[in-house]
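All values reported here derive from a predicted model rather than from experimental measurement. Here is how names work: the chains are called A, B, and so on, in the same order as the sequence lines, proteins then strands, and each is numbered from 1.
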Amino acid sequence: MSENIISQEQKRKIDWWKEKGIEPYGRKFLKQDIYQILENQTGEVSIAGRIMGIRKHGKAAFCDISDASGKIQAYLKKDIIGEPLWENFKNLDIGDIVGIQGELFKTHTEQLTILIKNFILLSKNLRSLPEKWHGLKDIEIRYRKRYLDLIMNHDVKNIFITRTKILSLIREFLNNKNFIEVETPMMHPIVGGAQAKPFITHHNALDIDLYLRIAPELYLKRLLVGGMENVYEINRSFRNEGISTLHNPEFTMLEAYSAYKDCEEMINLTEEILIYIIEKIYGKTEFIYQEKNINFQKPWKRILWTDIWKEIGINQWDNYQEVKNKAIEYHLEIEGNENVYDLLDLIFSKKIQTQFIQPTFVIGYPKEISPLAKSYKDNPDITERFELYISGLEVANAYSELNDPVEQEKRFQEEVKKATPDRPKTVDQDYIETLEYGMPPAGGLGIGIDRMVMLLTNSSSIRDVILFPLLKQKT
RNA sequence: GGGCCGCUAGCUCACCAGGUAGAGCACCGCCCUUUUAAGGCGGGGGUAGCAGGUUCAAGUCCUGCGCGGCCUACCA
């Protein structure tokens, strides 16, 4: 891909308009939405939009005009608009933005068309649009120049409209349940709330390093202490890790917390939210993702995390040798320095998770990998936590929140022992102090919005649901 | 980070036994007043991602680099 240079022809055209005394970049124009016109089908109309096609026929021409709401054909006749406007028209190109006034009629083929009586150039396009038939296919250009992707590829626009719709539906659902939407800091003095490498930035006036948040969790739970019983945030988190079809360095998460609830109630909430959205988007509780039908009719499958290991023949999930043998049996690549949790995660992500096509709650994760979750009363090694898998993708993570400050401090200290330079860990004393004031028992839920949008728009890459995914700069 | 693939006109793509670059759309000129991938005739436009190498000769073969895609490794 090379930076294209504005051609002599295109410069000549700009000059042509200027010489005519017409500003090629116009101003406010009173327009109707094309969609409305297509609905009403009659009368004098005024529209504005981008010229997507021109078919000239001697001293007449057809144009396709498209705006945010739709696309309509316009017909131009020299003997109606007169010589001067006809000359102007000859200096329009595909891609120009114009305002048009005219009257609706139907062509011989019964196509609703605007008979142009007057038009005005509102913005000159100096670069030729991608090819009208094949459109813009180059994936790199589609991501780098998303505006072209949106102009040329109708489906792409729909994906982002659906994304916005999903976000409104989530807010609508939670607001109706008396949840309060809040905004918490994006810049954190201490890394917390998840296991991930953070981005580091610096505040000059305070002369301190700050971390872009990897999760909002600890701030949202401070709000539980403050008496907000149902809170949520939908916003970006940042993780300084690899980029893939499932990972973008900045991504959007929903985190919701509900006081006096627990993990089990978060399962209900998760089911309700998803079904609410899916029914509003699809009008039913199932849809196709990547050629597989996914059915959200309740009850959704539930499986205990500990039972997963029994099912594949591991008697003691915390028996390192037994787990390692299984990993070897599966021909998984291991380096030797993994602990038992690493190996379990490896087996899970390679061999187990991909099988959970239908919505599946995996319930009861070990304490060691769940530092913010409350343990079961009768089993201190396992926490009241679930992850939801759909089509092999981890979509949600939730648990009963640990609200015991003494226990939380111990857990933090264990985490600090696992810290690496890449993944700094600090005991968040301020958070411990917050818990010391008393946090109500609560359930917390996190949903990866981008992945959910992927599922609901049948997108195979996270880049297809993020308007401007991070790409390397071209040098 | 590793593996595979791609990068040719603004866009979509050809040419690939190495012989000095083509088509369609877009753009320009002429003809055409109900087309819709409108049509007809003519025209302009390319340091073939970048840098080396092999060769009489490289878009084509080799090496390195850049960017991207897919797979793979870690976080959601």
Side-chain angles (χ1 to χ4, degrees), chain A residues 1-10 12-13 52-64 71 73-81 86 90-91 93-95 105-111 113 115 125-145 148 151-152 193-198 214-215 237-255 332-335 338 342 345-346 349-350 387-389 393-397 420 422-423 446-452 454 460-463 469 471-475:
Chain A
M1 187 185 70
S2 64
E3 274 310 304
N4 43 5
I5 294 152
I6 297 164
S7 75
Q8 290 303 313
E9 279 304 331
Q10 286 152 333
R12 189 189 64 73
K13 280 192 187 169
M52 296 304 291
I54 299 175
R55 294 174 292 282
K56 287 183 182 168
H57 291 262
K59 293 175 179 59
F62 288 94
C63 303
D64 298 319
K71 186 174 182 177
Q73 176 171 269
Y75 184 53
L76 188 93
K77 280 166 101 166
K78 186 180 174 183
D79 55 13
I80 288 180
I81 57 165
W86 179 253
K90 287 201 287 191
N91 284 279
D93 292 297
I94 289 174
F105 76 104
K106 282 190 178 167
T107 63
H108 290 165
T109 54
E110 289 294 295
Q111 183 173 356
T113 302
L115 182 64
N125 167 38
L126 299 181
R127 294 173 186 261
S128 45
L129 249 34
E131 205 243 8
K132 63 182 169 188
W133 187 244
H134 299 93
L136 179 65
K137 284 186 175 171
D138 187 307
I139 293 173
E140 184 175 352
I141 303 177
R142 286 188 44 226
Y143 294 151
R144 286 190 196 277
K145 305 190 178 184
L148 284 181
I151 290 171
M152 300 308 298
Q195 326 287 325
K197 297 176 195 165
I214 58 171
S237 287
F238 307 85
R239 299 191 183 175
N240 203 342
E241 317 246 0
I243 296 175
S244 76
T245 47
L246 297 177
H247 302 92
N248 194 61
E250 51 179 309
F251 64 103
T252 302
M253 262 207 306
L254 159 70
E255 285 205 4
L332 297 172
E333 278 183 46
I334 51 178
E335 290 171 7
E338 296 91 348
D342 296 331
D345 184 61
L346 185 68
S349 57
K350 292 292 159 204
E387 288 188 347
L388 171 65
Y389 289 86
L393 290 178
E394 184 190 338
V395 172
N397 179 19
T420 64
D422 266 358
R423 292 188 185 177
I447 293 181
I449 297 298
D450 310 278
R451 288 185 184 175
M452 195 166 87
M454 283 172 68
S460 61
S461 170
I462 198 167
R463 292 184 207 96
L471 299 179
K472 240 182 184 175
Q473 289 299 109
K474 296 285 257 189
T475 45

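Taking atom CE of residue A:Met52 and atom C1' of nucleotide B:A26, one finds them 12 Å apart after rounding to whole Å. One can place CD of A:Glu140 at 11 Å from P of B:C11, the figure rounded to the nearest angstrom. Rounding to whole angstrom units, CG of residue A:Asn91 and P of B:A26 are separated by 17 Å. B:G68 atom C1' lies 7 Å from atom CZ of A:Arg144, rounded to whole Å. Distance NZ (A:Lys145) to P (B:G68): 15 Å, rounded to an integer number of Å. Here B:A9 presents its C1' atom at 14 Å from CG of A:Asp138, a figure rounded to the nearest Å. Between the C1' atom of B:G43 and the CZ atom of A:Arg12 lies a distance of 14 Å, rounded to the nearest Å. B:U72 atom P lies 13 Å from atom CG of A:Leu346, rounded to whole Å.
A:Ile214 approaches A:Met253 most closely through the heavy-atom pair O-CE, 4.4 Å. In terms of heavy-atom proximity, A:Leu136 sits nearest to A:Leu148 at CD2-CB, 3.8 Å. The two residues A:Ala196 and A:Glu241 have their closest heavy-atom pair at CA-OE2, 3.2 Å.
Within the nucleic acid shown, A:Asp342 has no heavy atom closer than 4.0 Å to any nucleic acid atom. Within 4.0 Å of A:Gly135, counting heavy atoms only, lie sugar-phosphate atoms of the nucleic acid but no base atom. Within 4.0 Å of A:Lys13, counting heavy atoms only, lie sugar-phosphate atoms of the nucleic acid but no base atom. Backbone-only contact: A:Arg463 has heavy atoms under 4.0 Å from sugar-phosphate atoms and none from a base.
B:U60 and B:A48 have their C1' atoms separated by 10 Å, with the value rounded to a whole Å. Using C1' as the reference atom, B:G45 and B:U33 are 32 Å apart when rounded to the nearest Å. Across B:C25 and B:A38, the matching C1' atoms stand 13 Å from one another, rounded to whole Å. The separation of B:C7 from B:U12, taken at their C1' atoms, amounts to 14 Å, rounded to a whole angstrom. Rounded to whole Å, the separation between the C1' atoms of B:C56 and B:C15 comes to 23 Å. Using atom C1' as the reference point in both B:C71 and B:A14, the two lie 28 Å apart (nearest Å). Atom P of B:A37 sits at a distance of 43 Å from the matching atom of B:A51, rounded to the whole Å. One C1' atom belongs to B:C4, the other to B:C11, and the distance between them is 27 Å to the nearest Å.
For B:U12, the paired nucleotide is B:A23, the pair qualifying as Watson-Crick or G-U wobble because both relevant distances are below 3.5 Å. Pairing for B:C61 is with B:G53, a Watson-Crick or G-U wobble pair whose two hydrogen-bonding atom distances lie under 3.5 Å. The nucleotide B:G66 finds its pairing partner in B:C7, both defining distances of the Watson-Crick or G-U wobble pair being shorter than 3.5 Å. Of the nucleotides present, none pairs with B:A48 by Watson-Crick or G-U wobble criteria with both distances under 3.5 Å.
Toward the 5′ end of RNA chain B lies the nearest nucleotide of A:Asp93, the other residue of the pair A:Asp93 and A:Ile462 mapping further downstream.
For the atom pair NZ of A:Lys137 and CE of A:Met152, the computed distance is 12.0 Å after rounding to the nearest 0.5 Å. A distance of 11.0 Å separates CG of A:Asp138 from OH of A:Tyr143, quoted to the nearest 0.5 Å. Interatomic distance, A:Lys13 NZ to A:Leu126 CG, rounded to the nearest 0.5 Å: 10.0 Å.
Annotation: side chain of A:Arg144 is in contact with side chain of A:Leu471 (closest heavy-atom distance under 4.5 Å). Under the 4.5 Å side-chain criterion, counting only non-hydrogen atoms from C-beta, A:Leu115 is in contact with A:Ile80.
You'll find that the side chain of A:Leu471 is closest to B:G69, out of B:C74, B:G69, B:C67. The listed nucleotides are B:C70, B:C27, B:C67; the one nearest the side chain of A:Ile94 is B:C27.
For B:C70, the OP1/OP2 oxygens have no side-chain nitrogen or oxygen of A:Thr245 closer than 4.0 Å.
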* Structure fact -> Given protein heavy atoms under 4.0 Å, the one-letter contact record of nucleotides 32-42 of chain B, with B base, S sugar-phosphate only and - none, is simply BBBBBBB----

* **Full working for side-chain hydrogen bond (donor to acceptor under 3.5 Å, both in side chains) between A:Tyr75 and A:Gln73** => CA-CA 7 Å; A:Tyr75 184 53; A:Gln73 176 171 269; over 6 Å; no

